[in-house]
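Every chain is numbered from 1, with letters handed out A, B, ... down the list of sequences. All values below come from the heavy atoms of this structure, side chains included, with hydrogens, waters and symmetry mates left out.
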Amino acid sequence: MRTVFKTSYDADIRMFKHGAQAGWYALLLVLAVVLPWLFNTYWLGEATNMLIWAIAGMGLMILVGQTGQASLGHAAFLAIGCYANVLLQMHGLPFVLAFPLGGLIAGLAGFFIAFPMARLHGIYLAIGTLALAILIDDLIVIAEPLTAGVVGLFAPDISIFGLDINRYGNPWLFYWLVLFVTVLIVLAYRNILRSPLGRSFAAVRDSEVSARAMGVNVALTKATAFGVSAGITGLAGALMGHFAGIFNNETFNIIISIQLLLMIVIGGLGSIHGAFFGAAVVALLPQAIAIGRDVVTGWLGSSSVAIPGLESAIFGFILIAFILFEPLGIYGRWIKIRTYFELFPFYRKDMFRRQRSYLKTERMR
Amino acid sequence: MTALLELENVTLRFGGVTAVNKVSFSVEEGEVFALVGPNGAGKSTVFNLVSRFYDPAEGDIRFAGESILKRQPHEMAGLGIARTFQNIELFDHATVLQNLLVGRHRHRRGNLLTETLFTPFVRREERRHREAVEKVIDFLDLQPYREKYIAGLPYGVRKVVEMGRALAIEPRLLLLDEPASGLSVEETQDVAFWIEDIKTQMGITVLMVEHDMHLVASVSDRVLALADGKMLALGTPKEVQTHPKVVEAYIGSTDPMAGAKVRAAV
Ligand SMILES: Nc1ncnc2c1ncn2[C@@H]1O[C@H](COP(=O)(O)OP(=O)(O)O)[C@@H](O)[C@H]1O
Ligand SMILES: [Mg+2]
């Protein structure tokens, strides 16, 4: 285990805890950059998809993991970002403007919706946000002259200063674009976490009463979290639109909202790593199932078996398993494995024994 | 001496219960003022009124000469009113350091944009906050717990962290709700020294609720005894402890130790 001797307060303010950690992340980044030379087009597409989900996951993580507000309606912000980005481009704006504006519009929507929404707690907030997702779905259909309703829209090719980027034409460029956005969001996320705003998110999550006593404007902080969260999710939605090529109101349905929430729970609530681990599960699960199915078909020697709803069922099963056995998600498991190796052979089994934590309602006044 | 906090005929009812009944008192700048009384007397409710968590049905509350009744709860820290809670309300999934840094929230000068970019200005601010918090850590001997998560800390340490978080606000008025309840004799002794230093060295006015009459007698300048939301007696610790109404209220209370405690302290 590495003990870090801190010689100045900056050691805690800096982005990385120590040089070796920065080194590992640099290596990971290099690997991510050279990925187009390592993967074929198909797997590069899967990697791109995973990164887009990771961005959406970070968006929801800010709200759920950092601020403690549930949302079952984040598909709404994916949709707002996606439609805003494409419509702005159709009306002549270049991608470099339309894309950030798409995020900004989704973010503002999240910010203003939060004021009535954030008065709700727990299950009521979940239901409220769910209603929001349904509402946006309907609005897309109603606003047919603009959104082409159920027929849907085509995402134009991305053009950045004359350079055309298309998922099929030059998948590596599309991948790098997504990677670039991912890195920017990770940096922004880290910066928020190490500044007063991030701490006020945590304060609202852990105790609204005492956040208030510390001078935190709880309603405004929740709205800010909703705004930042919706903005990042909107950017992911815009990228999803370009990735899918064509989309309509159904593209961002309730299942997507739920999948997004399950994803960050499986990945591990409250960390950036969790968003990436969860995204890997979501993006790779269909592949894993397809491979598994081929293997089973090989054994049985019969024609391929098709079980409808298999993917959702397995996803649900994984979720239940995690909630029962590893509530801290894949990231929690990762920390344990890492600690095991760092301390080998001194690891003790009870090291991560769960603390009994009391619910607010169990406490006396 | 001028009055820092003034309550004037403050009344608050919860349904049929009048938790605070026409209470008037003023806390002078620089003094330690204690609220005592049996459980359910309305002491914590007075704190919640000063924190603006509740609106009084009648009366006025003034801080530094100005009524606070038109202000929001989160504005109190900005005015310089800090508090602790009877049943510790810390941010459990954050470290001690992070908890104390939340106390610095009223001194935040960045915004969403500058903090997302973590500009050099924000970095300088972080350093400034950290220096302020380190002073509190030194004062309360919290060095061993700096990086520890609250969820795993013993009760006594949490109690101290909560006091530290309130001090990080750099308040003019500090409200302490039962700072020594559940603490050992040694820990209570520490609390007594800290309150002395908070008053004399930091120049912070203290309003506290406390059941430990030894502690109250040793640190308070003035004491107000409450029972059933009403004022019983106001004066020096000695005057209040020997006041017939107070002795009666304690002996008549459901707490069998209370009467003994009062007499022991006298
Ligand atoms: N939020 C509340 N709702 C209803 N009754 C309350 C509430 N808070 C306090 N009370 C009642 O007000 C009275 C005073 O409570 P409190 O101020 O907590 O007493 P203490 O002096 O022990 O701190 C008690 O009768 C209590 O039951
Ligand atoms: Mg109380």
- Note on the structure: In this structure, OG1 of B:Thr116 is separated from CG of A:Asn191 (nearest 0.5 Å) by 7.5 Å
- Item | Over all atoms of both residues, closest heavy-atom pair of A:Asp206 and B:Phe91 | OD2-C, 3.3 Å
- Quick check: are there more than 12 heavy atoms from other residues, nucleotides or ligands sitting under 6.0 Å from CZ of A:Phe180? no
- Any idea which of A:Pro196, A:Ala188, A:Ser200 has the most non-hydrogen atom pairs under 4.5 angstrom with chain B? A:Pro196
- For residues 210-225 of chain A against chain B, heavy atoms under 4.5 Å, the residues are A:Ser210, A:Ala211, A:Arg212, A:Ala213, A:Met214, A:Gly215, A:Val216, A:Asn217, A:Thr224
- Heavy-atom pairs under 4.5 Å with chain A are the metric here; pick the option from B:His74, B:Glu131, B:Arg83 that has the most. B:His74
- Message: Between B:Arg165 and chain A, with a heavy-atom cut-off of 4.5 Å, which part of the residue counts as in contact: side chain, backbone, both or neither?
- Response: both
- Message: Can you give me the closest heavy-atom contact between B:Leu112 and A:Leu197, atom names plus distance?
- Response: CD1-CD2, 3.5 Å
Show me the donor-acceptor pairs, under 3.5 Å and distance only, between side chains in residues 14-21 of chain B and residues at least two apart or in other chains.
none

- Message: Once side-chain contact (heavy atoms from CB on, under 4.5 Å) is applied, do any residues pair with B:Arg146, and if so which ones, sequence neighbours excluded?
- Response: B:Leu97, B:Arg130, B:Glu134, B:Ile137, B:Gln143
- Query: For B:Ser51, is it the side chain, the backbone, both, or neither that has a heavy atom closer than 4.5 Å to a heavy atom of chain A?
  - Reply: neither
- Query: Which residues pass the side-chain contact (heavy atoms from CB on, under 4.5 Å) test with B:Val160, sequence neighbours left out?
  - Reply: B:Leu140, B:Leu142, B:Trp194
- Note on the structure: Nearest heavy-atom contact between B:Leu90 and A:Ser207 is O-CB, 4.2 Å
- Query: Who among B:Ile81, B:Ile150, B:Val102 has the most heavy-atom pairs with chain A under 4.5 Å?
  - Reply: B:Val102
- Query: Got a sec: does the CZ of B:Arg128 have more than 12 other heavy atoms crowding it under 6.0 Å?
  - Reply: yes
- Task: Under 4.5 Å heavy-atom distance to chain A, tell me which part of B:Gln72 shows up: side chain, backbone, both or neither.
- Result: neither
- Message: Taking OH in A:Tyr25 as the centre, count heavy atoms belonging to other residues, nucleotides or ligands within less than 6.0 Å. Is the count above 12?
- Response: no
- First locate atom CZ of B:Arg108, then atom CZ of A:Arg199, and finally report the distance between them rounded to the nearest 0.5 Å. 9.5 Å
- Of the backbone (N, CA, C, O) and the side chain (C-beta and beyond), which part of B:Leu101 lies under 4.5 Å from a heavy atom of chain A, both, or neither? both
- Task: Applying side chain to side chain contact (heavy atoms under 4.5 Å, CB included) between A:Arg194 and each of B:Arg123, B:Glu115, B:Glu126, B:Gln98, report the one that passes.
- Result: B:Arg123
- Heavy-atom count around B:Tyr145 OH within 6.0 Å, excluding the residue itself: above 12? no
- Between B:Arg106, B:Glu125, B:Glu162, B:Arg127, the one whose heavy-atom pairs under 4.5 Å with chain A are most numerous: B:Arg127
